[in-house]
Amino acid sequence: MINQLLRFTPILKQKIWGGEKLKTVLNKKSNDDKIGESWEVSDVDGDESIVSNGELKGKTLRDLISIYRDDLVGKHVYENFKNEFPLLIKYIDAKEVLSIQLHPNDDLSKKQHDSYGKTEMWYVMQSDEESNIIIGFKEDSNEEEYLHHLRNKSLLEILNSDQVNKGDAYFIPPGRVHAIGGGLLLAEIQQTSDVTYRIYDWDREDIDGNYRELHTDKALKAIDFKSKKTYKSDYFKESNKASEVVSCPYFTTNVLPITSNLSVKHHDKDSFVIYMCVEGKVDFIYGSQTETIQMGETLLVPACIKEFEIQPNIDSELLEIYIK
């Protein structure tokens, strides 16, 4: 049995669009510039998370799954994913707008890349004035109209753009066109996959003067041309109660504002539970173990640990992530 709460060393990624907020706001340690992503929990090949606390310090997430199996991830999760951890958990700082992109579903991604597809969600932690995201189409479109605007560099005429604020949440299923706008700091929950189809990159050059690869043909096989009336997730917050923000077959994400001591019981779940601190600072207490996480830090609770305490240092807010 695994008998400790788990913290991991963040894996920091330089990005052409990255900024300084992961270091200045979330206190990530790096001497590099343009840090765009902090991978908090990862089982992506070559980027496996390493435990940073307790008796298991130094072991990789993949090591833990092979040793503890359903004690770590839950019986149902282990049956479905075996020794692969199903989620990739990140914090993202977009100083500049990301490329316009989309992701394939499981079937297409297995066929083309021998990988899972990518379903994901965003939770906005901080937003500069008038920051926005691009998500979906304004109205139903089609391949002909889309390619016309792509060639003429006028995609924004047919794509939907939302001005966003702290606490806004967005669900991005495979095929949905999207781009994070500049000035946003957010939490991202996604399937374990690094497959992205980039369709437009603002004619932006990298530090070597090269343009990043575009995936026009691959994207055409994956894109969803249907529009929605609204793309933002609708949810409510209640102090000291986990309230559902997004739920899909790949993950469920709750928001949990913490204003006083809370006894947590997860006997109803057959899954690990991940906590991302998106505001404030809290103590997790399990037996004699206390782990403190603050804004921008992440904790994984193994599936076999069903009861623990959360005590806020100040009014705080957590995202609670698991698989139903």
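Given the structure is predicted, the values throughout are model-derived calculations rather than measurements.
Of the inter-residue distances, the one linking Asp315 atom CG with Thr259 atom OG1 reads 6.0 Å to the nearest 0.5 angstrom. Of the inter-residue distances, the one linking Met121 atom CE with Ser247 atom OG reads 11.0 Å to the nearest 0.5 angstrom. Taking CD1 of Ile100 as the start and CG of Leu155 as the end, the distance is 5.0 Å to the nearest 0.5 Å. The CD1 atom of Ile189 sits 12.5 Å away from the OG1 atom of Thr119 when rounded to the nearest 0.5 Å. Note that NZ of Lys218 is 11.5 Å distant from CZ of Arg198, once rounded to the nearest 0.5 Å.
Screening Asp63, Leu61, Asp43 for a side chain to side chain contact (heavy atoms under 4.5 Å, CB included) involving Glu48 leaves a single residue, Asp43. Across Asp32, Asp194, Asp47, Asp93, a single residue satisfies salt bridge (charged side-chain N to carboxylate O under 4.0 Å, His left out) together with Lys13, and that is Asp47.
Evaluation of the side chain to side chain contact (heavy atoms under 4.5 Å, CB included) rule for Lys57 yields no partner, not counting sequence neighbours. Shown here are the side chain to side chain contact (heavy atoms under 4.5 Å, CB included) partners of Glu157, two or more places apart in sequence or in another chain: His149, Ser154.
With a 6.0 Å cutoff to the six-membered ring centre and a 45° limit on the axis angle, Lys226 does not count as a cation-pi contact of Phe137. With Trp17 as the aromatic partner, Lys34 does not meet the cation-pi criteria of under 6.0 angstrom to the ring centre and within 45 degrees of the ring axis.
Residues Glu129 and Ser131 bring no donor and acceptor atom of their side chains to less than 3.5 Å of each other. For the residue pair Gln101 / His215, no side-chain donor-acceptor distance below 3.5 Å is found, with atom types taken as modelled. Side chain to side chain, Asn254 and Ser243 fail the donor-acceptor criterion of an N or O pair below 3.5 Å. With hydrogens and angles left out, the side-chain atoms of Ser227 and Asn160 include no donor and acceptor closer than 3.5 Å.
Atom NZ of Lys111 has 12 or fewer heavy atoms from other residues, nucleotides or ligands within 6.0 Å. More than 12 heavy atoms of other residues, nucleotides or ligands shown are found within 6.0 angstrom of NZ on Lys237. By the 6.0 Å contact criterion, CD on Gln14 is enclosed, its count of non-hydrogen atoms from other residues, nucleotides or ligands being greater than 12. Summarising the local packing, NZ of Lys28 is surrounded by more than 12 heavy atoms from other residues, nucleotides or ligands at distances under 6.0 Å. Atom NZ of Lys59 is surrounded by 12 or fewer heavy atoms from other residues, nucleotides or ligands within 6.0 Å.
Judged by distance alone, with hydrogens and angles left aside, the side-chain atoms of Lys21 form no donor-acceptor pair with the main-chain N or O of Lys95 at under 3.5 Å. The backbone N or O of Asn53 sits less than 3.5 Å from a side-chain atom of Gln4, completing a donor-acceptor pair.
Aromatic ring centroids of Tyr116 and Tyr250 lie 6.0 Å or more apart. Here Tyr275 and Phe284 bring their ring centres to under 6.0 angstrom of each other.
Looking at Glu291 and Arg7, a side-chain N of the basic residue comes within less than 4.0 Å of a carboxylate O on the acidic one, giving a salt bridge. Between Arg176 and Asp224 there is no salt bridge, since no side-chain nitrogen of the basic residue lies less than 4.0 Å from a carboxylate oxygen of the acidic one. Remark: Glu297 does not engage Lys281 in a salt bridge, criterion side-chain N to carboxylate O under 4.0 Å.
There is a path of hydrophobic side-chain contacts, each under 4.5 Å, that joins Phe8 to Ile274.
Ring pair Phe85/Phe272 is tilted by interplanar angle, where 30° to 60° counts as tilted. Using cut-offs of 30° and 60° for the angle between ring planes, the Trp122 and His178 rings count as perpendicular.
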